Each structure stands twice: as C-alpha cells, then as structure tokens.
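Everything numeric in this text was worked out from a predicted model, so none of it was measured.
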2 protein chains.
Amino acid sequence: MATIYEVSKLAGVSLATVSRVINDSSAVRKTTKDKVERAMKQLNYKPNSVAKSLASNRSDCIGVLVSELKSPFFTRMMGAIDAECRQFEKHIVVTASENDPLHEKEGIEFLIGRNCDALILHVESLSDEYLIELSQGKVPIVILNRQIPQISDHCISLNNELGGYLATKAVIEHGHRNIVYISGPEHKKDAIQRLAGHRRALMEAGIGIDQTRIFTGDYLQTGGQEGFKHFHDSGIQFSAVVCGNDEMATGVMATARECGLSLPEDLSVMGFDNVVFSRYTFPRLSTVDNPITDMGKMAARIIMEDVYKKSMGSINKSFEPSLVIRESVSRITKD
Amino acid sequence: MATIYEVSKLAGVSLATVSRVINDSSAVRKTTKDKVERAMKQLNYKPNSVAKSLASNRSDCIGVLVSELKSPFFTRMMGAIDAECRQFEKHIVVTASENDPLHEKEGIEFLIGRNCDALILHVESLSDEYLIELSQGKVPIVILNRQIPQISDHCISLNNELGGYLATKAVIEHGHRNIVYISGPEHKKDAIQRLAGHRRALMEAGIGIDQTRIFTGDYLQTGGQEGFKHFHDSGIQFSAVVCGNDEMATGVMATARECGLSLPEDLSVMGFDNVVFSRYTFPRLSTVDNPITDMGKMAARIIMEDVYKKSMGSINKSFEPSLVIRESVSRITKD
DNA sequence: TTGTACGCGTTATCAG
DNA sequence: CTGATAACGCGTACAA
C-alpha cells in the first residue's frame, strides 16, 4: 500500500501538502493540487484510516452497543443508524453484549478503545450511575430506549406506559372485559412501564386489577407459551391476552392452537413492538408500533449534530408509540 | 486516558517492559511485572487499540460485509460470526452494501483501510474476477454463500441445487403433481441453482418441465404476491407452489388467503432458508434449512486458524441443506 | 531480564 | 500557499 509519503515524493511536494489536498483543510494552489491528485491516482493511494485516527484523534466511527445481534429488533435499529451515518460517510462499529452485564461494560470499553467518536448504547443491565458517569466522560453517548432523568439530554426513549395503555384500551374497545396480561421480566424497565399502562387502561374502563391475571414471562416465545398454559390450566376465564411483546404473543398463538382454540374467534391476542414477523403471523398480529428505526435514526442525527457539527433540522428525544390494528383481536358484542 | 508512558514512569520501568507485560511477549521478572500491573490498575490504564494496530499492523478485527443489516438472514450470520470471534477476543466490524455493487467495493476498501486482519464477505454483484484478485491480495478473505472454482479454498457455500431438489421432491412426495415455482432473480446464482434442483426433482418424478409454470420473482414478499397472482389469473391449475425463499412464500400465503383460499387445504406452499419467522406463519412454513449460522461460524473458524493460528478442529467448506417439514404442505391422495 | 531508539502513516503547529 | 517537524500511543529490533 502506498503511503502519503510516497505520494508526496512522486508529486514533488511535502507531506503536509498532500495531507491538505486529502482533507482540503486549507487552500492549495490548483496546479499543485492537480499534481498531487495525479500522483495519488497513479499509486492507487488509499489513506490509512488507522494512522489517521491516531493522529487526529478522530475515527469517523460511531460505536453501537446492542444486546444481541440476531434479534430483529436490534437489526432494525442498527440498519437505521447505519443508513443515517452512511449519508455523512461515517461508519458504525457494532458490538453485542449478549445480555450479559459484564459484556456491556466490556463492549463500551472496547468501543472507546477503538477511538469511536461517539457511542450509541442500548444497555439493560448497567446502572444509571455508571451511565451518568460515562456521559460526563470524554466520548459523547446517546442512550437508546431508556430514560435517565439526570441525563435526559442523552436519552432517546419510548413512552412505554402509553403503549401499554393503548394496547389494552384497544382490546377493551373491541368489547373484551376478561383480559389477561403476560408481562416481560420484572427487571426490565420497559416491561414494568408497559404493564403500568395496561393497569391504567383497566382502571379507566372500570375493570378491577387482579394480580392473578398477570403472568411474568421472559419476552421470548416460551414466555407466551408458559403464560398461556398457566392461565388455561388455572381455569380463569379470558377472551383476550395482551402481551408485553410480539415474541410472547406468537408463543401464545401457537400454544392456544395446540389447545384446540381457533384464532381469533376463541382468543384475541395483542402484541407490542411491531417486529417484522408480526405481519407474517396468521391472523396477523395487532400490536403497538415501536418506532425503533426512527429512534435509531434520531440517535445518529444527534451525533451528527453534536459531534460532527452538521446541522440536522429538528431533533426529538421522546417518542410515542402507536397502535397497529390487524386481525388478531376480534370484536365481541356484549351479551 | 493514561498511556503506556505514564504507566512506565509510575512503575519505574521502561516503555518496553510495560509493553511486554501487556502482551506477555517475553519473560519479565515477577516482581517488575507486579509493579507494572499495579501501576496499570492505579491509572486505570486501557491500551489504545488504534495505536496498537498502527504499530503492530494487527487490529484483532475481522471485517464483515453483508448486503443489508436489517435482514433476518444476515443477522443470523453476523450473530454466529460474532459469537465465534468473541471466544478468541476478536471483534467484527460490519458494513452493509445495501445491495449496491458500488457499495460492495467501497465496503471492502473501507474494511481493508480499517486494518482488518481478515474479511468475511457476502457479496452478490462483484465479479468473480474481482474476488479472485482480491483473494491474492494481502488481507485474507472468506467468501460466504458463493462458489468460485478458482478460489474454492476461500469459499463457503451451500448446495443450493440440492436444496431446490429436496424442496420440490418433498412436495411431490406429498402427492402433488401440479406444481408451480416462483424463483429468485435470474442474476442471483443461488436462485438459478435452486431452480435447477426444482427441475431435477420434476424430471425424476416424470413430470415435464413447463416454462409457463415458472415465475421469476424478487426474493421479497412482493415477488410471492406477484407470482401467485400471475398463476392464479392465468388459469393454470396448481395445488402447490414452491418458492425460492421464505419471504416470497409468505407473500404467496397472504395473497392466496386474500383470494379466498384456505391453507394448507387449498394450496400447499414450500419455502427456502428457514428464516426465523417461518416458524411464526400459519400454517407454519415447510422449508429447506439454510445452515447460515453454521456457515458463518465456519468462516470465523477458518480465519482463527489461518490468521491467528488457533487450531480449530475439523473444517468444512461445503454445506448441505436439509428439509424442514412443518404444516404448509398438505398431503393429497391420488384420485 | 531490561532499556534505547526507531518506525507505523497521519495530522497539526509552526515558520517561511 | 508551502514545507519542516513534532506529536499520536504503541511494538520491537537491538543493545546492554
């Protein structure tokens, strides 16, 4: 690989001048510029970004930390971030924490060590304190899907409570009163908030809150399966099950069918997130859209603005979910 | 951030010694080693991987180029590669070509410029010639999902022809004779090979090949939709449709239902790839498993072996697909 | 076993 | 507008 030094020799100018035409950092006479460019072409010169990064303390890379790579949820998020970065010739370097708190920390340190200009983080296990401290460090961070009051400037979050409310409200408006809820894990804040929204909708409709009608799942298909079985076996009457996310909703659907129910006539199911496959279920899953792509895009924009000083129009850090009505919730008429 | 220099000062040793304990590259007396480690801890020293990379010409990073980030297919692939790399403390840096031939080249150059120790590529548009030349370059590459005879050592591929064969054969064995096929784009090699397998199964069963029973789609849901409509409108009789991939299969399912068919009684559908959501459709999609995670894992292993000299047991560059029978293909008895 | 000195490919700060 | 020259943080012969 040709270096900047060889280019300078061939062009008969100094290192500094070559560097200038590469970055057009300051004015260079047209004729010398041409000379240099010819030399670069001739040697097929490609700047070495590692050296550049070391010297400039800039990498044009944005670190992204997600919980796992194989989930459709994070995939959409990454895709959105990458698409936005690409427009400004920035790149993302992704690392996964595999849902392990230790890995989360390691991942962050790895990204910082890689000289990333900024970080976009989706972390679940790390404490607020750690993140607050991190946010005061040298490298700018944006936290996705989490709201920490002390550093809300750095947070992009979804109104999960509202989402939970909308989901259950929609089910109620379809005529259901016997509703059960399968929640995500208790240690996940979004799960708690969604459940809170569910409760609000119930209260508002004058339906009492009954702890036995709430099951705590794992946000996976198995959670839906276990939840449905639990309610089914317990003899509780219910015409609809609202789930903390789409994965669990599909678990419910599959298990309900195994128990001989036909959907959506015998059972209505409501999801949350609007992941890709929710359109592929049958009946197609009614759910709450989680605008994760918009949120990812916004995270990237904030960084473009703050770190690279591009001006990006309006920015918004607080997102609202919206209802996606498909066919998995049936309308029942009061008898 | 503390540098190696500050550590050496605090520990009262030279730069070189600190470097040695970091990489335990050569023997260091226990007592000095302790001193250095204490100093590192005290300063919370983190090696700067950029500088390290520049000096050693090693980055411990493996570049991965995929067509798009948001597809479940690539997601699984990346997840598998990352998991394998993680075990050896290597990291992946991912970039997406967005299905654009120009981007593919740019992506590769970006990864090389980033000083990646090796590349794992999933490219569709780049020519064989380009890849052959690339493989003779300095940075080792592994090509996923493509077979180039001249450099087959660098290729990990799936027997797509066999997959296509198995798919159609299974449908035939379920009693179907009136079969139509929706293929992927003609410029994609895997699509062509899958179709070839389909033809072989047909021939073998004594069913003639009829060009009007083949539709060329786009590998997306829309392709399935268009394909089904095409056959439906044309008046051709068919009891089963075999698709070049799962996306198109779901498109067929949705459209068939819109036309009033009930599945799988009125129409059998066969997919290819066994993507995540194929388990979520109803009826659950019968398909051909594409062992993309195994292939990704193997790509990583080859690099561990060749580049980092880890010994990794057996390696295999040619993968066979296998049938996944679920409920979307009904059994019909010959009348 | 340890230290010195140079190189990796760029950027940035000065003078000129 | 251009050119020396010193960083950037670390690895590594070579010497001691």
Side-chain angles (χ1 to χ4, degrees), chain A residues 1-37 39-40 43-61 89 109-117 138-139 308, chain B residues 1-37 39-40 43-61 109-110 112-117 138-139 308:
Chain A
M1 267 296 157
T3 72
I4 197 175
Y5 176 69
E6 303 173 45
V7 174
S8 76
K9 252 195 338 200
L10 180 60
V13 297
S14 75
L15 281 181
T17 302
V18 177
S19 176
R20 286 185 189 106
V21 349
I22 293 173
N23 308 301
D24 59 326
S25 44
S26 80
V28 176
R29 191 187 299 150
K30 182 83 173 69
T31 56
T32 45
K33 185 171 176 180
D34 287 348
K35 268 194 303 188
V36 171
E37 279 170 347
M40 294 201 300
L43 293 171
N44 189 28
Y45 167 77
K46 307 278 176 216
N48 178 322
S49 57
V50 176
K52 181 178 205 155
S53 173
L54 182 62
S56 66
N57 204 26
R58 262 279 164 90
S59 63
D60 288 332
C61 270
E89 298 181 297
E109 281 167 0
F110 163 72
L111 294 171
I112 294 178
R114 282 282 154 200
N115 215 350
C116 289
D117 297 337
K138 211 170 176 185
V139 24
Y308 301 113
Chain B
M1 267 295 156
T3 72
I4 197 174
Y5 176 70
E6 303 174 46
V7 174
S8 77
K9 253 195 336 200
L10 181 60
V13 298
S14 77
L15 281 180
T17 302
V18 178
S19 175
R20 285 183 189 108
V21 348
I22 293 173
N23 308 302
D24 59 328
S25 44
S26 81
V28 176
R29 190 186 298 152
K30 182 84 172 66
T31 56
T32 44
K33 186 172 176 182
D34 286 348
K35 268 194 304 191
V36 172
E37 279 170 347
M40 292 200 302
L43 293 172
N44 189 28
Y45 167 76
K46 307 278 176 217
N48 177 321
S49 56
V50 176
K52 183 178 208 155
S53 172
L54 182 61
S56 67
N57 204 25
R58 262 278 163 90
S59 63
D60 288 331
C61 270
E109 281 167 0
F110 163 72
I112 293 178
R114 282 281 156 199
N115 214 349
C116 289
D117 297 336
K138 211 171 176 184
V139 25
Y308 301 114

Q: List for me each residue that meets side chain to side chain donor-acceptor pair (under 3.5 Å) alongside A:T32, sequence neighbours excluded, and say none if there are none.
A: none
Q: Please find the earliest and latest nucleotides of DNA chain D, in the 5' to 3' direction, that have an atom within less than 4.0 Å of any heavy atom of chain A.
A: D:dC1 to D:dG9
Q | Residues in side chain to side chain donor-acceptor pair (under 3.5 Å) contact with A:S14, at least two apart in sequence or another chain | A | A:T17
(Q) Under the rule for ring-ring contact (aromatic ring centres under 6.0 Å, His included), what residues qualify as partners of B:Y308, not counting sequence neighbours? (A) none
(Q) Suppose we screen for ring-ring contact (aromatic ring centres under 6.0 Å, His included). Which residues come up paired with B:Y45, at least two apart in sequence or across chains? (A) none
(Q) Can you give me the dot-bracket string for DNA chain D, 5' to 3', counting Watson-Crick and G-U wobble pairs with both distances under 3.5 Å, using [ ] for crossing pairs and | for partners on another strand? (A) ||||||||||||||||
Q) Who pairs with B:A39 by side-chain contact (heavy atoms from CB on, under 4.5 Å), at least two apart in sequence or on another chain? A) B:V7, B:L10, B:A11
Q) Under the salt bridge (charged side-chain N to carboxylate O under 4.0 Å, His left out) rule, what pairs show up with a residue in residues 12-36 of chain B, not counting sequence neighbours? A) B:K30-B:D34
Q. Of all residues at least two apart in sequence or in a different chain, which pass the side-chain contact (heavy atoms from CB on, under 4.5 Å) check with A:L111?
A. A:L65, A:V93, A:T95, A:C116, A:L119
**Q.** Counterpart residues, side-chain contact (heavy atoms from CB on, under 4.5 Å), relative to A:K46 (two or more places apart)
**A.** A:M1, A:N44, B:E109
Q) Roughly how far apart are A:S53 OG and B:N48 CG, rounded to 0.5 Å? A) 7.5 Å
Q. Which part of the nucleic acid, if any, lies within contact of A:S53, taking any heavy atom under 4.0 Å across all strands shown: a base, the sugar-phosphate backbone alone, or nothing?
A. nothing
(Q) Counting the atoms with a prime plus P, OP1 and OP2 as sugar-phosphate, which does B:V13 contact under 4.0 Å by heavy atoms, base, sugar-phosphate, or nothing? (A) sugar-phosphate
N/O-N/O pairs, protein side and nucleotides 9-11 of chain C side, under 3.5 Å:
unit_1: C:dT10; atom_1: OP1; unit_2: A:Y45; atom_2: OH; d: 2.8
unit_1: C:dT10; atom_1: OP1; unit_2: A:N48; atom_2: N; d: 3.0
unit_1: C:dT10; atom_1: OP2; unit_2: A:I4; atom_2: N; d: 2.5
unit_1: C:dT10; atom_1: O5'; unit_2: A:Y45; atom_2: OH; d: 3.3
unit_1: C:dT11; atom_1: OP1; unit_2: A:N23; atom_2: OD1; d: 3.4
unit_1: C:dT11; atom_1: OP1; unit_2: A:N23; atom_2: ND2; d: 3.0
unit_1: C:dT11; atom_1: OP2; unit_2: A:S19; atom_2: OG; d: 2.7

Q. Under the side chain to side chain donor-acceptor pair (under 3.5 Å) test, which residues partner B:S19, sequence neighbours left out?
A. none
Q: Tell me what A:S49 touches on the nucleic acid: a base, only sugar-phosphate, or nothing, going by heavy atoms under 4.0 Å.
A: nothing
